[in-house]
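Counting from 1, the numbers follow the sequence of the chain as shown.
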Amino acid sequence: MEVNPSLKNDIADLFVEEKRNSVNSFKQIKEAINHSQSPVIIMGHEVDRFNVFDDIKSFSDKNNIPVLDLGLGKGNIDESFKNFVGTYNGEISDESINKYVENSDNVILIGAKLTDSVTGGFTQQFAENNTIIINYDGANLYGKQVAEDYDFKDVMNSLADTNLDLSLPSLDLKNNDLSITPSGDKITQSFYDKAIASFINGDNTLVAEQGTSFFGLASQKLPKDAKFFGQPLWGSIGYAFPAALGNQIANKDRRVVLSTGEGSLQLTIQEFGLAFREKLNPIMFVIDNTGYTVERVIHGMNESYNDVPALNYGLMPKAFGANDNQFDFIEVSTEKELIDAISKAKEETDKFVLIQVNMGMKDVPEQLAKTAIAFANQNK
């Protein structure tokens, strides 16, 4: 449908770029970083929104500064970058990641929002007195605002060309070994997370439901050009399925891989109808572990209110209008069955592949178990 002419004529005015020269504010930021001995950069979602990752990459590369990201904004940058350390989640992060933040005297937050789900329940290891914040709507140094001439894009462009007076050593980062050897054992959350990470490639968009899927997969390093989406800001369960379909509709050249729990799925399960009407071909993993596992570990491991109805997922495609040629349903319970299902899904590029993954009720990612303790303590 054509845009209303009266609206069309006004659109251009909305995209007039207001440019500022951030000489004073940039000078303040540069001087503050120059007084560091062990700076570290932590990136958030605004890095992608404002397309400044290349600036960060250049700045880090010139000065050997370690770079991390948060779960909110993960997958929107190149995690194969040589100075990329990993995804930070407060003190519950892996020790190899924590050490960079613990030992830093200057934490540079760029485009980041600190929420409970991406800081291990607000257990981040830095405080205002050693934090530089550079966001689109303002910047401050150790709690004090920078000069009024601040402009986010201008500052980031200037940082990209900056050689500091520091002499930091090159980072010696070891690449994660993603090779896995499946057995006939029952699938565990740990094996599942590694299996998903090992088959994601640069043409995939990985969408992780806010639950065991997000906490298990957000800590995995992604290959260059792979995308990642989750909902750690509002923690909205049921978001991932329609978000995955929206991703696939928006760009049918990228195959979406969705990981969701059966509890979250039941909030928006009717979106199967949209998927088959639009002839979409994502790979969908449904973790069936008898209920709201993320809620069980926070409060009520064995309470009935965390149970969900047991559905027959193999019947869902046809119930929502699919024909036999549009989908494949696979149920897996062992490591080998999961790897075989993944291999088959890769080949069936013209189908919606639905994989039911059966797991134990109390099996959770390590980072979720630690986060749950922090959340439970906060709820007392």
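- Transitive grouping of hydrophobic side chains (ILVMFWY, heavy atoms separated by less than 4.5 Å) keeps I92 and F122 in distinct clusters.
- In F126, the CZ atom is crowded: over 12 heavy atoms of neighbouring residues, nucleotides or ligands sit closer than 6.0 Å.
- Side-chain polar atoms of D363 and Q189 form no donor-acceptor pair below 3.5 angstrom.
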* **side chain to side chain contact (heavy atoms under 4.5 Å, CB included) between E337 and I187, intermediate numbers included** => CA-CA 9 Å; E337 288 173 348; I187 300 168; 5.8 Å; no

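- Pairs engaging residues 293-318 under the salt bridge (Lys or Arg N to Asp or Glu O under 4.0 Å) rule: R296-D307, K318-D324 [sequence neighbours left out].
- Residues satisfying the side chain to side chain contact (heavy atoms under 4.5 Å, CB included) criterion with N24, sequence neighbours excluded, are A147, D149.
- With sequence neighbours left out, the side chain to side chain donor-acceptor pair (under 3.5 Å) criterion links N4 to S6.
- Qualifying side chain to side chain contact (heavy atoms under 4.5 Å, CB included) partners for A310, counting only residues two or more places apart in sequence or in other chains: none.
- Counting all heavy atoms, side chain and backbone alike, K113 lies closest to L233 at CD-CD1, 3.7 Å.
- Within the 3.5 Å criterion, the main-chain N or O of L168 finds a donor-acceptor partner in the side chain of N64.
- Here the shortest heavy-atom pairing between N63 and L164 reads OD1-N, 2.7 Å.
- One hydrophobic cluster holds both L217 and V294 under the rule that ILVMFWY side chains link at heavy-atom gaps under 4.5 Å.
- Not counting sequence neighbours, F327 has no partner by the ring-ring contact (aromatic ring centres under 6.0 Å, His included) test.
- The backbone N or O of D203 lies less than 3.5 Å from a partner atom in the side chain of N201, making a donor-acceptor pair.
- For the ring pair (Phe, Tyr, Trp, His ring centres under 6.0 Å) condition, no pair includes a residue of residues 72-92, sequence neighbours left out.
- Between the side chain of S264 and the backbone N or O of I237 there is no donor-acceptor pair closer than 3.5 Å.
- The backbone N or O of V146 sits nowhere less than 3.5 Å from a side-chain atom of S25 that would complete a donor-acceptor pair.
- H35 NE2 to L166 CG: the interatomic distance, rounded to the nearest 0.5 Å, is 10.0 Å.
- The line from CD1 of I97 to OG of S219 is 7.5 Å long, rounded to the nearest 0.5 Å.
- Between F276 and F352, the ring centre distance stays below 6.0 Å.
- For K153 (side chain) and F50 (main-chain N/O), a donor-acceptor pair under 3.5 Å exists by modelled atom type.
- Within the 3.5 Å criterion, the main-chain N or O of I65 finds a donor-acceptor partner in the side chain of S60.
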* Run the numbers on T162 and K62 for side chain to side chain contact (heavy atoms under 4.5 Å, CB included), then give the verdict. => CA-CA 8 Å; T162 298; K62 291 177 186 294; over 6 Å; no

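- V308 and F241 are assigned to two separate hydrophobic clusters, defined by single-linkage of ILVMFWY side chains at heavy-atom distances under 4.5 Å.
- Every pair passing side chain to side chain donor-acceptor pair (under 3.5 Å) that includes a residue from residues 97-109 is listed here, sequence neighbours excluded: S36-N106, S38-D105, E102-Q125, N106-Y142.
- In this structure, a donor-acceptor pair under 3.5 Å is absent between the side chains of T212 and Y192.
- Without hydrogens or angle criteria, N89 side chain to T119 main chain gives a donor-acceptor distance under 3.5 Å.
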Under 3.5 Å donor-acceptor pairs involving side-chain atoms of residues 248-256, not counting sequence neighbours:
unit_1	atom_1	unit_2	atom_2	d
Q248	OE1	V256	N	3.1
Q248	NE2	R254	O	2.6
N251	OD1	D253	N	3.0
R254	NE	T205	OG1	3.0
R254	NH1	G202	O	3.2
R254	NH1	D225	O	3.4
R254	NH2	G202	O	3.4
R254	NH2	N204	O	2.6
R254	NH2	D225	O	2.9
R255	NE	N281	O	2.7
R255	NH1	A345	O	2.7
R255	NH2	N281	O	3.3
R255	NH2	E348	O	2.9
R255	NH2	K351	O	3.1

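- For residues 65-83, the salt bridge (Lys or Arg N to Asp or Glu O under 4.0 Å) pairs, not counting sequence neighbours, are K57-D78, D61-K82, K74-E79, D78-K224.
- Remark: the backbone N or O of D185 is not paired with any side-chain donor or acceptor of E335 at under 3.5 angstrom.
- The distance between the ring centers of Y305 and Y292 does not fall below 6.0 angstrom.
- Once rounded to the nearest 0.5 Å, the distance linking CD1 of I29 with CD1 of I108 reads 9.5 Å.
- For S259 (side chain) and A208 (main-chain N/O), no donor-acceptor pair under 3.5 Å exists by modelled atom type.
- Once rounded to the nearest 0.5 Å, the distance linking CZ of F215 with OG1 of T293 reads 12.5 Å.
- W234 and V118 fall within a single hydrophobic cluster, where Ile, Leu, Val, Met, Phe, Trp and Tyr side chains are chained together by heavy-atom contacts under 4.5 Å.
- Residues meeting the side chain to side chain contact (heavy atoms under 4.5 Å, CB included) test with D48, sequence neighbours left out: N76, K227.
- By the side chain to side chain contact (heavy atoms under 4.5 Å, CB included) test, Y239 pairs with Q231, S236, A243, sequence neighbours left out.
- Expressed to the nearest 0.5 Å, how far OG of S117 lies from CD of Q367 amounts to 11.5 Å.
- Qualifying ring-ring contact (aromatic ring centres under 6.0 Å, His included) partners for F199, counting only residues two or more places apart in sequence or in other chains: none.
- Between the side chain of E262 and the backbone N or O of N289 there is at least one donor-acceptor pair closer than 3.5 Å.
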